[in-house]
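What follows is one structure encoded as structure tokens, with my remarks underneath.
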Amino acid sequence: MGFLGEHWRLVRERDGEVLGEIVIDEADFPWLHGRFEPTAAFGAVRPWFEESSALLDAEEYERFDASYERIAAALSLVAPAGPVAEFLLHVDGGRAWFRWSDEPFDES
């Protein structure tokens with residue numbers, strides 16, 4: 001599969017600072033999985049991912065949606081070809097998994 005070995009970056013929207021890199025090692029459409037290599041700057045947003053993960057585990061989906069909105073509004077996911085329009089990213093320790101789209105996700 002074409003995604004394996006790719007390097008995707010998580011960046012802060014306002015200034016383009018790189019918060020981490022995901023090296024893809026598994027592709028299970030529509031999800032990509034990989035090793036997450038955070039930069040020191042990731043520490044500022046790590047609690048956002050911890051909170052969203054805890055809410056998802058607790059099956060509190062409405063609260064998860066509200067929590068994740070902060071991530072989607074402030075961060076961008078950059079594929080090797082450039083930024084994607086929308087993404088759903090989970091980070092847990094040294095692992096990350098996400099789905100993405102060049103178009104906004106369908107809200108219906």
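Here, residue 1 is the first one in the sequence, and each next residue gets the next number. Reckoned from all heavy atoms, side chains included, excluding hydrogens, waters and symmetry mates.
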Legend entry - Minimum side-chain heavy-atom gap Asp25-Arg95 below 4.5 Å: yes
Inset, instruction - Evaluate the side-chain proximity of Phe98 to Val91: yes if any heavy-atom separation is below 4.5 Å, no if none is. - result: no
Legend entry - Arg12 versus Leu75, closest heavy-atom pair with distance: CA-CD2, 4.0 Å
Inset, instruction - Would you check if the distance from the ring center of Trp48 to the ring center of Tyr68 is below 6.0 Å? - result: no
Inset, instruction - Following the transitive rule for hydrophobic clusters with a side-chain heavy-atom cut-off under 4.5 Å over Ile, Leu, Val, Met, Phe, Trp and Tyr, establish whether Val78 and Leu4 coincide in one cluster. - result: no
Legend entry - Spacing of CZ belonging to Phe87 relative to OG belonging to Ser76, to within rounding of 0.5 Å: 6.0 Å
Inset, instruction - Answer yes or no: is there a donor N or O on one side and an acceptor on the other, between the side chain of Ser101 and the main chain of Glu86, under 3.5 Å? - result: no
Legend entry - Reported NE2-to-NE2 distance for the pair His33 and His90, which is rounded to 0.5 angstrom: 10.0 Å
Legend entry - Interatomic distance, Leu19 atom CG to Phe36 atom CZ [nearest 0.5 angstrom]: 7.5 Å
Legend entry - Enclosure of Arg63 CZ (heavy-atom neighbours >12, cutoff 6.0 Å): no
Legend entry - Glu51 and Ser67 side chains, donor-acceptor separation under 3.5 Å: yes
Inset, instruction - Specify the closest pair of heavy atoms between Leu89 and Ala96, including all atoms of both residues, with the distance to one decimal. - result: CD1-CB, 4.1 Å
Inset, instruction - Considering non-hydrogen atoms only, spot the tightest contact between Ile22 and Leu77 and give its length. - result: CD1-CD1, 4.2 Å
Legend entry - Closest contact, heavy atoms only, Pro80 versus His7: CG-O, 3.7 Å
Legend entry - Interatomic distance, Phe3 atom CZ to Leu32 atom CG [nearest 0.5 angstrom]: 5.5 Å
Inset, instruction - Can you see which heavy atom on Glu17 is nearest to which on Ala41, and at what distance? - result: OE2-CB, 3.3 Å
Legend entry - Path from Val23 to Trp97 over hydrophobic side-chain contacts below 4.5 Å: no
Legend entry - Donor-acceptor contact present, side-chain Ser52 to main-chain Phe49, <3.5 Å: yes
Legend entry - Nearest-0.5 Å distance, CD1 of residue Ile71 to CG of residue Leu88: 9.0 Å
Legend entry - Rounded distance [0.5 Å steps], CG in Leu55 versus CD in Glu60: 5.5 Å
